[in-house]
Number of protein chains: 2
Amino acid sequence: MVAAEAGVTRSTVSRALNGEPDVSQTTIAHVRVVAARMGYVPNRAAKSLASARSMAIALVIPEPGVLALADPHLVAVMAGVSRRIEQSDYLLNLMVAGDSENQKIMRYLTSGVVDGVLVASQHSRHDALLHLHDLVPVVFSGRPTEETDPPNYFIDVDNAGAAGVAVSHLLGLGRRRIATITGPEDMAAAGDRTAGWRAALASAGLPADLVAVGDWTALGGAAAMRTLLDEHPDIDGVFAANDVMAAAAVSVLLDAGRRVPEDVAVVGFDDSSAALSARVPLTTMSQPSERSGELMADLLLRILAGEQVPISTVVESHLVRRESA
Amino acid sequence: MVAAEAGVTRSTVSRALNGEPDVSQTTIAHVRVVAARMGYVPNRAAKSLASARSMAIALVIPEPGVLALADPHLVAVMAGVSRRIEQSDYLLNLMVAGDSENQKIMRYLTSGVVDGVLVASQHSRHDALLHLHDLVPVVFSGRPTEETDPPNYFIDVDNAGAAGVAVSHLLGLGRRRIATITGPEDMAAAGDRTAGWRAALASAGLPADLVAVGDWTALGGAAAMRTLLDEHPDIDGVFAANDVMAAAAVSVLLDAGRRVPEDVAVVGFDDSSAALSARVPLTTMSQPSERSGELMADLLLRILAGEQVPISTVVESHLVRRESA
DNA sequence: TTGTATGCGTTATCAC
DNA sequence: GTGATAACGCATACAA
């Protein structure tokens with residue numbers, strides 16, 4: 001620490017720069033000036049080695065690059081996380097991890113360079129993440145695919161309940177052949193939404209036989225809609241597990257000559273930007289995505305501060321009516 | 001290093017785990033097994049402190065969160081970078097930095113936790129980044145806003161040339177009132193594209209008076225198009241500096257009752273996903289965005305490996321004809 | 001091929 | 001309020 005050329009010892013410099021108590025104002029000022037003049041930047045590796053804290057948080061999105069970033073819900077979550085972390089002393093680093101590098105990421109997360117971890121889009125095949133909390137605090141966005149002991153912290157909407165509201169809305173419009181386009185089968189949120197759809201149909205005495213599996217993407221949503229339409233031309237309602245797939249479904253329906261919502265009513269999920277840019281503005285279940293991001297970051301920061309926080313936090317969802325249903 | 005319980009010293013463990021030469025195969029195997037059993041993960045801070053290398057690379061996107069991730073070109077660059085880095089021993093961490101945290105980021109980048117830096121969307125107000133290469137190797141995507149000494153490495157298309165091709169195409173269609181919707185004025189690529197537009201018009205003996213400043217976003221593009229249309233109803237051609245703005249412009253034109261391309265021909269830039277999802281599929285200047293990402297990552301890796309690499313790398317661009325012009 | 005000793009740059013625990 | 005000095009966990013030059 002060359003800044004010791006300021007006439008004091010390294011200890012004092014350290015204390016001055018870190019704003020610790022019991023340092024005279026004059027030396028603080030002096031050290032600051034000298035450090036600035038010399039362009040001194042503390043070595044972060046040495047710092048974390050000595051202090052056993054890195055002051056960094058990782059946001060992990062276990063999806064192959066492009067895929068994840070095409071989802072406005074995820075992007076909104078990221079934005080929320082980013083905003084909350086910015087206000088703290090922590091530094092955020094984002095890791096969009098293809099499956100291939102899963103091991104690399106796990107080693108990184110457990111190697112002491114991050115004090116906490118946020119996980120956004122967890123699939124059941126990423127089960128290593130579920131036990132990461134043995135080594136470092138973790139908060140999930142979306143219920144983890146598996147219950148662990150001790151449990152993982154997470155924040156989520158009532159997916160099944162929200163799906164129920166969506167389907168009830170379609171039922172209220174007189175629809176009787178209501179299909180669903182699901183998310184990937186290995187994600188908890190996807191499964192819960194499908195379950196909600198199924199339950200709502202069941203309590204209306206209707207069969208829940210119109211299911212097509214999607215993957216959150218426009219391509220997947222379009223393919224699913226085409227399959228449904230081919231096999232069940234009598235469909236009059238669609239509940240898609242996110243807006244991106246709903247927008248793609250609308251597009252397929254229009255191209256197939258169906259009117260939306262007259263012939264087929266469509267409800268999406270998220271109330272993301274995709275809902276507004278769809279060819280027919282989407283009726284959708286809103287979800288406070290950005291707020292969720294802030295909340296999960298806040299939760300983690302509080303855990304790091306030693307606070308006690310609830311295992312699960314449920315955020316609100318409600319129906320937003322537009323033109324598609 | 002508790003793994004020394006494997007019957008050897010920490011040095012041997014270190015050597016075995018790092019695959020150094022001159023270690024017997026048997027001890028290597030033995031140490032590996034013990035380490036795995038104990039769930040040992042090397043402390044990265046200690047490792048970088050001792051070796052003076054972090055084996056990490058930062059991809060910096062100096063844009064406020066959401067904005068950046070709405071741009072398919074940037075996302076593609078990110079994907080390319082990510083793919084290339086995955087294949088290496090380095091770890092990528094992404095930093096989407098609002099202006100507010102600029103200082104925080106700079107300290108991070110110079111604090112020794114990353115061995116190299118990639119910068120994606122640099123504005124002139126981020127001039128600190130231009131001198132970062134005094135402390136750590138840096139590669140830019142897109143020509144930096146300022147020439148420095150020593151110069152910064154960068155990779156880019158011939159923006160002015162490509163813009164010229166776009167405008168020539170419009171001229172070839174008989175258009176004479178050709179406007180441009182630019183990118184932000186504080187970015188080099190934006191300025192170069194505007195210059196190319198201006199030059200093409202000049203050499204056709206036409207005035208270059210129809211300019212509206214955009215910001216790469218759909219909102220900005222739409223606003224720019226509305227302004228242009230209000231002030232110059234005789235417009236018959238538009239060159240937008242990216243596809244997102246071009247798509248938004250098409251939308252505004254259609255809503256204003258103009259036919260595209262019959263009344264107003266539109267050319268975009270990037271050939272990104274936005275070009276295909278526009279209401280009229282866009283004619284656009286293609287740019288190998290993902291490839292650029294791979295290239296810049298590759299360049300940085302080679303610099304880190306001690307290789308000599310060219311300061312600037314130009315990637316190809318060409319006109320892709322679709323329906324909008 | 002393996003063990004020993006030293007240092008990386010910072011924080012932290014003592015004394016002063 | 002400040003100065004010594006010992007960790008922090010690993011890599012590495014040197015010795016064996």
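FYI, side chains are in, hydrogens and waters are out, and symmetry mates aren't considered; it's all heavy atoms of this structure.
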**Request:** I would like to know whether A:Asp71 and A:Glu63 meet side chain to side chain contact (heavy atoms under 4.5 Å, CB included); could you show each step before the answer?
**Result:** CA-CA 11 Å; A:Asp71 181 348; A:Glu63 300 273 6; over 6 Å; no
**Complete:** Across all chains, not counting sequence neighbours, the ring-ring contact (aromatic ring centres under 6.0 Å, His included) partners of A:His123 are A:His126
**Message:** Heavy-atom nearest nucleotide on DNA chain C for A:Glu20 versus B:Asp22: which residue maps closer to 5'?
**Reply:** B:Asp22
**Angle between terminal axes - the helix from C:dT1-D:dA16 to C:dC16-D:dG1, 5 pairs each end, rounded to 10°** = 30°
**Message:** Check this one for me: any side-chain N or O of B:Ser14 less than 4.0 Å away from OP1 or OP2 of D:dA11?
**Reply:** yes
**Prompt:** Got a sec, which pairs hit salt bridge (charged side-chain N to carboxylate O under 4.0 Å, His left out) with one end in residues 42-62 of chain B, sequence neighbours left out?
**Reply:** none
**Message:** Once ring pair (Phe, Tyr, Trp, His ring centres under 6.0 Å) is applied, what residue pairs with a partner in residues 7-28 of chain A remain, sequence neighbours excluded?
**Reply:** none
**Prompt:** To the nearest angstrom, how far is A:Asn18 atom CG from C:dG9 atom P?
**Reply:** 17 Å
**Request:** Could you state the atom-to-atom distance from CZ of A:Arg53 to C1' of C:dG9 in whole Å?
**Result:** 17 Å
**Message:** Test of understanding: with side chain to side chain contact (heavy atoms under 4.5 Å, CB included), list the residues that count as partners of A:Glu20, not counting sequence neighbours.
**Reply:** A:Arg15, A:Asn18
**Asked** salt bridge (Lys or Arg N to Asp or Glu O under 4.0 Å) with B:Asp192: which residues, sequence neighbours excluded?
**Response** B:Arg143
**Request:** Check salt bridge (Lys or Arg N to Asp or Glu O under 4.0 Å) between A:Asp127 and all other residues, then give those that pass, not counting sequence neighbours.
**Result:** none
**Request:** Tell me whether the OP1 or OP2 atom of D:dG9 has a side-chain N or O from B:Tyr40 closer than 4.0 Å.
**Result:** no
**Asked** What residues form a side chain to side chain donor-acceptor pair (under 3.5 Å) with B:Ser292, not counting sequence neighbours?
**Response** none
**Donor-acceptor pair between B:Thr12 and B:Thr9 side chains, under 3.5 angstrom** = yes
**Request:** From the options C:dT10, D:dT12, C:dT2, select the nucleotide whose nearest atom is closest to the side chain of A:Pro42.
**Result:** C:dT10
**Request:** Looking at every strand, decide which applies to A:Gln25 at a 4.0 Å heavy-atom threshold: base, sugar-phosphate, or nothing.
**Result:** nothing
Could you list the donor-acceptor pairs under 3.5 angstrom formed between side-chain atoms of residues 293-307 of chain B and any protein atom two or more places apart in sequence or on another chain?
residue	atom	partner	partner atom	Å
B:Glu294	OE2	B:Arg83	NH2	2.6
B:Asp298	OD1	B:Arg84	NE	2.9
B:Asp298	OD1	B:Arg84	NH2	3.1
B:Arg302	NE	B:Glu307	OE1	3.1

**Asked** Could a donor-acceptor pair under 3.5 angstrom be found where the side chain of A:Ser11 meets the base of D:dA4?
**Response** yes
**Request:** May I ask you to check whether B:Gln122 and B:Thr145 show a side-chain donor-acceptor distance below 3.5 Å?
**Result:** yes
**Request:** Mind running a 4.0 Å heavy-atom check of residues 43-52 of chain B against DNA chain C and sending the residues that fall below it, in number order?
**Result:** B:Leu49, B:Ala50
**Asked** Between B:His30 (NE2) and C:dT1 (P), how many Å, whole number?
**Response** 17 Å
**Request:** Using whole Å, report how far CZ of A:Arg10 lies from C1' of C:dG7.
**Result:** 12 Å
Which atom pairs link the protein and nucleotides 14-16 of chain C when you take only N or O atoms and keep those under 3.5 Å?
none

**Request:** Using a cut-off of strictly less than 4.0 Å, decide whether A:Thr12 has a side-chain nitrogen or oxygen near OP1 or OP2 of D:dT2.
**Result:** no
**Asked** For A:Thr27 and D:dT2, is the shortest distance between a side-chain N/O and OP1 or OP2 below 4.0 Å?
**Response** yes
**Prompt:** Rounded to the nearest Å, what distance is computed from the CE atom of residue A:Met55 to the P atom of nucleotide C:dT10?
**Reply:** 17 Å
**Message:** Among residues at least two apart in sequence or on other chains, which ones pass salt bridge (Lys or Arg N to Asp or Glu O under 4.0 Å) with A:Asp134?
**Reply:** none
**Item:** Nucleotide of D:dT5, C:dT6, C:dT1 approaching B:Ser24 most closely (side-chain heavy atoms)
**Value:** C:dT1
